[in-house]
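Structure first, commentary second.
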Amino acid sequence: MNYLFINNALSGTGGSRVILNLAAILIDFGHKVSIVIDRDDNIDYEIPVGVDVYLWGVDEVSPISADRVGGEYSNERRKYRQVSLIKNIKQALRPFKAKFVFIKEMLFNSRYEASMTSFYSKNKFDVVVNSNVYIGLDRHIFLSRLFSEKYYVNFHNSPKEIFSRRDFFVRSSIGELFGRSKLLGVSQGIIDELNQYRELDGAQKTAIYNVFDFSLIKGRSEEKVTEFLGDYIISVSSLTQRKRVERLIYSFEIISKSHPNLKLLILGDGELKSSLQNIVEECSLKDKVVFYGFCSNPYPLIASARLLMLASDSEGLPTVIIEALSLGIPVISTNCPTGPEEILAPWGNDYLISLHQPESAIVSELAEKANRVLESDYDREYVIKNSQLERFERDRVIAKWESLNV
């Protein structure tokens, strides 16, 4: 089959990594995969061999050359962006970004549509999956008409969270945007939320978990890490408001009283890095909290951790929880919509923290349950066996992708 995935970007986020992992495994199964993105200035991952990446421009959908993706060149571009004045301005204007895109699309809408129509005429795709549910949303109406029954919209995060964002700026209703499309969700929790919107009653909805190659993850986890970090708890996420990394810092302040030699390793970048570093200073944890930054291969660091913690307000199907469990690392997570409860169901509520309580209680419960896990010192094989990870194995998940539009 010939698959087309549409996304805003391939930046260093979990969502981008999920799309690229899926693309690589579909290629392994003998399928053809293309990815179309809106911007090529922030591609932070290596593109799998055999996957064609294109930029959706005003006048054409054009291939992106190999030297624009992944590797050292990409990392240098990213370091530059992190210290640039332009990046700071973009972050300040982020709440208005969707409105700017709306204006751009309104001005050049017909040309965008013509470029995609021309691209499709030259590439007969069997399945088209759009994961962009944040920016340029009115395109869904055009795309659902162009690709018809081949067109799917894939939700990687809680629909309630997406639709309530202040930068969720659209000209059309939710029903007009998504009611003509087939809807996918990376967790059953996402599908349950979509079913609560009456304007989407007529839309076909299917849950397909993110796909994992556990043997590949294990192999990559065995790569050498030059730094010696000692014992640590790990967090892997973008440093954004929704991820609530400050909860982990405050809870670690409590944890460190019982485990004075333990560190907190934070993998990821984002606009809140400076404010999170200030919180670390205020808590007198500067020598115990390490901001590691973005890491294209986090698996060796996850595999050496004592525990992985996640404190988000919302998710979709948090990939890092499944990856940690597959490496035998226990996980503590907030019971946010959607995904953590679904993934950690075999472990029960002892590994989930309710969000329906004051912030101070959330932080205290994170620390309490983390201390309990640290004291238990679980055997890795026990963690893997108890997590029922066959739900996410590649053969089972790819079979669902292959059943689309059949």
Side-chain angles (χ1 to χ4, degrees), residues 1-11 13-27 31 33-38 45 48 51 53-54 56 116 125-144 146-163 165 168 170 174-175 177-195 197 200 203-212 314-319 322 337-339 342-343 391-392 394 396-406:
M1 294 176 70
N2 192 359
Y3 293 85
L4 171 64
F5 293 93
I6 301 173
N7 203 41
N8 175 245
L10 291 174
S11 57
T13 63
S16 297
R17 187 152 59 95
V18 164
I19 292 170
L20 291 171
N21 287 346
L22 173 59
I25 294 174
L26 285 170
I27 292 287
H31 301 291
V33 179
S34 301
I35 300 174
V36 169
I37 54 179
D38 291 320
Y45 292 108
V51 177
V53 182
Y54 298 86
W56 189 354
M116 180 56 72
F125 300 105
D126 300 301
V127 174
V128 179
V129 182
N130 193 342
S131 297
N132 183 7
V133 293
Y134 291 103
I135 298 173
L137 297 181
D138 287 288
R139 287 181 182 175
H140 287 288
I141 297 173
F142 158 69
L143 292 170
S144 65
L146 176 64
F147 296 114
S148 188
E149 75 282 352
K150 301 177 180 180
Y151 187 68
Y152 295 79
V153 179
N154 197 9
F155 287 81
H156 288 253
N157 289 305
S158 160
K160 287 184 178 179
E161 187 273 335
I162 293 170
F163 299 154
R165 287 167 59 116
F168 186 79
V170 294
I174 291 172
L177 288 175
F178 305 119
R180 298 183 182 90
S181 308
K182 298 175 183 178
L183 306 182
L184 303 175
V186 297
S187 68
Q188 185 56 46
I190 286 177
I191 299 301
D192 293 342
E193 285 194 4
L194 288 171
N195 282 331
Y197 292 88
L200 300 178
Q204 175 185 311
K205 306 177 190 73
T206 307
I208 304 182
Y209 286 139
N210 296 334
V211 65
F212 294 85
S314 71
E315 288 285 346
L317 187 80
T319 299
I322 300 167
T338 60
E342 206 167 321
I343 299 168
R391 298 171 286 165
F392 311 108
R394 49 185 271 163
R396 184 175 295 190
V397 176
I398 292 300
K400 284 200 167 187
W401 280 102
E402 291 175 332
S403 71
L404 296 181
N405 213 34
V406 172

Side-chain donor/acceptor of Thr338 to backbone N/O of Gly316, under 3.5 Å: yes
Any donor-acceptor N/O pair, Ser16 side chain to Ser11 backbone, under 3.5 Å: yes
Heavy-atom donor-acceptor pair, Lys150 side chain to Phe125 backbone, under 3.5 Å: yes
Contact summary for Lys182 and Glu149, nearest pair of heavy atoms: NZ-O, 3.0 Å
Phe142/Met116 under side-chain contact (heavy atoms from CB on, under 4.5 Å): CA gap, chis, key distance, verdict: CA-CA 10 Å; Phe142 158 69; Met116 180 56 72; 4.0 Å; yes
Ring-ring centroid check Tyr197 Phe178, cutoff 6.0 Å: no
Tyr134 side chain to Asn8 backbone, donor-acceptor under 3.5 Å: no
Expected output: side-chain Ser34 to main-chain Leu4 donor-acceptor under 3.5 Å: no
Student check: side-chain heavy atoms of Val397 and Ile25 closer than 4.5 Å: no
Glu342 (side chain) donor-acceptor with Ser187 (main chain) under 3.5 angstrom: no
Residue among Asp38, Val153, Ile19, Asn130 satisfying side-chain contact (heavy atoms from CB on, under 4.5 Å) with Ile6: Asn130
Backbone of Leu200 reached by a side-chain donor or acceptor of Lys205 within 3.5 Å: yes
Flag, side chain of Asn7 to backbone of Ile37, donor-acceptor distance under 3.5 Å: no
Check: Tyr3 side chain, Ile35 main-chain N or O, donor-acceptor pair, under 3.5 Å: no
Tyr151 and His140 aromatic ring geometry - parallel, tilted or perpendicular at 30°/60° bounds: tilted
